[in-house]
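Hydrogens, waters and symmetry mates are skipped; everything else that's a heavy atom, side chains included, is used.
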Amino acid sequence: MHPGGEALILRRSGKDISQEIEGPPHRHSENARRWMEQYYIGELDRDTTDEDTETLRQRKKVPESTTEEEETSAINKCSKVDDETDLVDWRKPLAWQVGYLGEKYDTWVHQPVDRPIRLFGNDFFEANTKTSWYMVPIVWLPLVIYLSWYCYTLLAQESTRLFITSDYSILVHKYSFPFIFMFGMFLWSFIEYCIHRFVFHMRPPAHNYYLITLHFLLHGQHHKSPYDGSRLVFPPSLAAIVIGAFYLILQQLLPEGLGTSLFVGGLCGYVVYDMIHYYLHYGSPRKGSYLYGLKAYHVKHHFEHQRAGFGITTTFWDYPFNTVIPEQTF
């Protein structure tokens, strides 16, 4: 559950990481420290012998409280979510509670916790908000494969022309399909950035109960519980509405062969996006790899820079729109 990946923890097992919490590679934010406190189990006596230390390492769980002193220490050093004092009642569905938080919502939703969220009381509606990661490729990749074949055969008929003016047009050749496909994936990366920045990270007015609730359902719940594995990808039933809308728009604007070729590239880009997003939360990529850099970037977005770093599959669009997460210096 370490946001930076399990490898970073395993390499330092049994070692003091006090200095590394301050960096490099990065200085841990207040949210990161709050996240770490959820796993507090006790204090390590630095004066113990090696044999005593080994016993502490092997201990799965310390007793709840052996003395009043230990109990006080645990309370002072740990800030776990208290069901009775938190701004919401975690024992009840959250969807209809968050709208009442008003001005406190933005701060509350960006203080991540490691615990499951229940959105709705109705089991049917609740089940439809959860999706296993493998459902995305199972549902959409067959459509990508079929439409790719369909577009290539359609373009092979050499009847698809892009009209520049009423008198001048360009033939869209079948060999141009891979380039149109890749351009569709590139366009998706821009759409991904725009949706993440302007829709998922909109700032709902503090007085508007419905917009706060909508924001929480769309993306706020993901920032509040970023490691809820059942809500890291979009349910295909909901994604189909948005995907269908993009398909209809492209069919109206462009010839069928060209529009569908762009669409299938964008759809493939969406599948890649959802898979990468899931991996950035649960994967442990090799240090120095492309995905390692993306994971570090996305973790900073969740825990410290929620108003920057909107790129998921690429950080490309953060540069022209000036939303790049700044590098830390030490």
Q: Please check: side-chain N/O of Thr153 versus main-chain N/O of Trp149, any donor-acceptor pairing under 3.5 Å?
A: yes
Q: Looking at every non-hydrogen atom in both residues, tell me the closest pair between Val98 and Ile212 and how far apart they are.
A: O-CG2, 3.5 Å
Q: Taking the side chain from Thr129 and the backbone from Glu126, do they hold a donor-acceptor pair closer than 3.5 Å?
A: yes
Q: Which heavy-atom pair separates His215 from Val199 by the least distance, and what is that distance?
A: CD2-O, 4.5 Å
Q: Check this for me: Trp108, atom CH2, are more than 12 non-hydrogen atoms of other residues, nucleotides or ligands nearer than 6.0 Å?
A: yes
Q: Can you confirm whether the side chains of Asn31 and Ser29 place a donor and an acceptor under 3.5 Å from each other?
A: no
Q: Does atom CZ of Phe183 have more than 12 heavy-atom neighbours, drawn from other residues, nucleotides or ligands, at distances under 6.0 Å?
A: no
Q: Hey, what's the ring geometry for Phe263 with Tyr247, parallel, tilted or perpendicular (30° and 60° as the breaks)?
A: perpendicular
Q: If you take all heavy atoms of Pro112 and Phe303, which pair is closest and at what distance?
A: CG-CE2, 3.7 Å
Q: Give a yes or no on whether Glu6 atom CD has more than 12 heavy-atom contacts from other residues, nucleotides or ligands under 6.0 Å away.
A: no
Q: For residues 272-279, tabulate all N or O donor-acceptor pairs below 3.5 Å that involve a side-chain atom, not counting sequence neighbours.
A:
{"unit_1": "Asp274", "atom_1": "OD2", "unit_2": "Phe234", "atom_2": "N", "d": "3.4"}
{"unit_1": "Asp274", "atom_1": "OD2", "unit_2": "Tyr270", "atom_2": "OH", "d": "2.9"}
{"unit_1": "His277", "atom_1": "ND1", "unit_2": "Leu232", "atom_2": "O", "d": "3.1"}
{"unit_1": "His277", "atom_1": "NE2", "unit_2": "His222", "atom_2": "NE2", "d": "3.2"}
{"unit_1": "His277", "atom_1": "NE2", "unit_2": "His281", "atom_2": "NE2", "d": "3.3"}
{"unit_1": "His277", "atom_1": "NE2", "unit_2": "His298", "atom_2": "NE2", "d": "3.4"}

Q: Could you tell me whether the side chain of Gln221 and the main chain of Ile117 form a donor-acceptor pair under 3.5 Å?
A: no
Q: Identify the two heavy atoms, one from Val233 and one from Ser132, that lie closest to each other, and give their separation to 0.1 Å.
A: CG2-O, 4.0 Å
Q: With distance as the sole test, does Ser13 use its side chain to make a donor-acceptor pair with the main-chain N or O of Leu10 at under 3.5 Å?
A: no
Q: Looking at Trp35, is its backbone amide N or carbonyl O close enough to the side chain of Gln38 to form a donor-acceptor pair, meaning the two atoms are under 3.5 Å apart?
A: yes
Q: Quick test of your reading of the model: are Arg118 and Asp123 salt-bridged, counting only N-O distances below 4.0 Å?
A: yes
Q: Which other residues end up in the same hydrophobic cluster as Ile17, if Ile, Leu, Val, Met, Phe, Trp and Tyr are linked when side-chain heavy atoms come under 4.5 Å apart?
A: Ile21, Met36
Q: Would the distance check show the side chain of Gln97 and the main-chain N or O of Pro93 forming a donor-acceptor pair, the cut-off being under 3.5 Å?
A: yes
Q: Could you tell me whether the side chain of Thr315 and the main chain of Gly311 form a donor-acceptor pair under 3.5 Å?
A: no
Q: Which heavy atom of Ser261 sits nearest to which heavy atom of Phe177, and what is that distance?
A: OG-CD1, 3.5 Å
Q: Quick check: does any side chain N or O of Lys224 sit under 3.5 Å from a backbone N or O of His110, one acting as donor and the other as acceptor?
A: no
Q: Salt-bridged, Arg203 to Glu103, with N to O below 4.0 Å?
A: no
Q: Hey, is the main chain of Ala308 close enough, under 3.5 Å, to the side chain of His301 for a donor-acceptor pair?
A: yes
Q: Using 30° and 60° as the class limits, which term best fits the ring planes of Phe200 and His196: parallel, tilted or perpendicular?
A: perpendicular
Q: Lys295 side chain to Leu280 main-chain N or O, any donor-acceptor pair under 3.5 Å?
A: yes
Q: Which salt bridge (Lys or Arg N to Asp or Glu O under 4.0 Å) pairs, counting each pair once, include a residue from residues 296-322, with sequence neighbours left out?
A: Asp106-Arg307
Q: What pair of heavy atoms forms the shortest contact from Tyr282 to Tyr227, and how long is it?
A: OH-O, 2.6 Å
